[in-house]
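Chain A is the first sequence line, chain B the second, and so forth, proteins listed ahead of strands; every chain is numbered from 1.
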There are 2 protein chains.
Amino acid sequence: MIVLDYRDKRPLNEQVAEKIMNLIAQGGLSPGEKLPSVRNLAVDLSVNPNTVQRAYSALEEKGYITTVTGRGNYVSEERNWKEGLKSEMLTEVRAVIGKAKSAGIKLDEALTCVREVFERD
Amino acid sequence: MIVLDYRDKRPLNEQVAEKIMNLIAQGGLSPGEKLPSVRNLAVDLSVNPNTVQRAYSALEEKGYITTVTGRGNYVSEERNWKEGLKSEMLTEVRAVIGKAKSAGIKLDEALTCVREVFERD
DNA sequence: ATGAGTGTATTAAATGTCTTAATACAGTTA
DNA sequence: TAACTGTATTAAGACATTTAATACACTCAT
């Protein structure tokens, strides 16, 4: 389900959260679907349960999953996270484009670059 | 010349390097111009000389500055860093746009977002 | 009710990176 | 020669991440 990258310098809990978030955003995990338990996923990833729990807490905070004590974690309905996700993405895009602009990238170059990414299948 | 942001969680040496890189890329520092000495900048920023040195080493590695032992650090000619900078920026743009795409952002939304950033003065 | 499985919380220790500090050495320049 | 440059090394501290070992509360099937 998930593969961690130990060359990546970001914290493991962030990596776990992001990878699950991506799965949810792309439909690899559907609303209502149950996630692995904290302990099971920890074993799968060869990681401490605390690390998984921090990932799950972050995901719940952002509305991607719903936690029920004693039962488990479930993927939330799209309406709970779709808007937040989009605005988060657009904020990131603005930051990077602003950086590219001040580094001398021209509007046309940026637009072409964006189109190329979207043309990829 | 530079103001550090202690809320930023990135290492100080990276922040210093990036801010100087931005100054160079935007012409705030011109090719041939001399940079503050390691020790002076360290005092200005209330930071350890080692921290500044690491920033300068990184900048030299990427071709933004030229180091002459005993003399100081000087901004390199544009040809030494312009292409590298542009390709680095485009790589970042591709990464973020790819992420935004897989999160459900549409091509038109991305293009509009990019244009808006460039319309800002 | 009991037991297995769930999420949650706490505390301590280990680890690794960043940063500081104190030096030392080598090259340049007035 | 003196004062400035960059470079290198070692030690110590601060800090965040991660692990580890527990403990507690809730849910569910039996």
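For the pair A:Arg54 and A:Ser57, both in contact range of DNA chain C, the more 5′-proximal nearest nucleotide belongs to A:Ser57. Both A:Gly70 and B:Gly70 lie close to DNA chain C; mapped to their nearest nucleotides by heavy-atom distance, the more 5′-ward contact belongs to A:Gly70. Nearer the 5' end of DNA chain D, as judged by each residue's closest nucleotide, is the contact made by A:Thr51, out of A:Thr51 and A:Val68.
Put simply, B:Thr69 has no side-chain N or O that comes within less than 4.0 Å of OP1 or OP2 on C:dA26. Put simply, A:Thr67 has no side-chain N or O that comes within less than 4.0 Å of OP1 or OP2 on C:dG7. For D:dT5, the OP1/OP2 oxygens have a side-chain nitrogen or oxygen of B:Asn40 closer than 4.0 Å. For D:dA20, the OP1/OP2 oxygens have no side-chain nitrogen or oxygen of A:Asn50 closer than 4.0 Å.
In the set D:dT18, C:dT8, D:dT7, D:dT7 carries the atom at the smallest distance from any side-chain atom of B:Gln53. Distance from the side chain of B:Val38 is smallest for D:dG6 among the nucleotides C:dT19, C:dG7, D:dG6.
Looking at A:Ile65, A:Leu29, A:Leu59 one by one, the single match for side chain to side chain contact (heavy atoms under 4.5 Å, CB included) with A:Met21 turns out to be A:Leu59.
Taking a cutoff of 4.0 Å between a charged side-chain nitrogen and a carboxylate oxygen, A:Asp108 and A:Lys106 do not qualify as a salt bridge. Between B:Arg10 and B:Glu18, at least one side-chain N (NZ, or NE/NH1/NH2) sits under 4.0 Å from a carboxylate O, which counts as a salt bridge.
With hydrogens and angles left out, the side chain of A:Arg71 and the base of C:dG5 share no donor-acceptor pair within 3.5 Å.
Within 4.0 Å of B:Asn73, counting heavy atoms only, lie sugar-phosphate atoms of the nucleic acid but no base atom.
To the nearest 0.5 Å, atoms NZ (A:Lys101) and CE (B:Met89) are separated by 14.5 Å.
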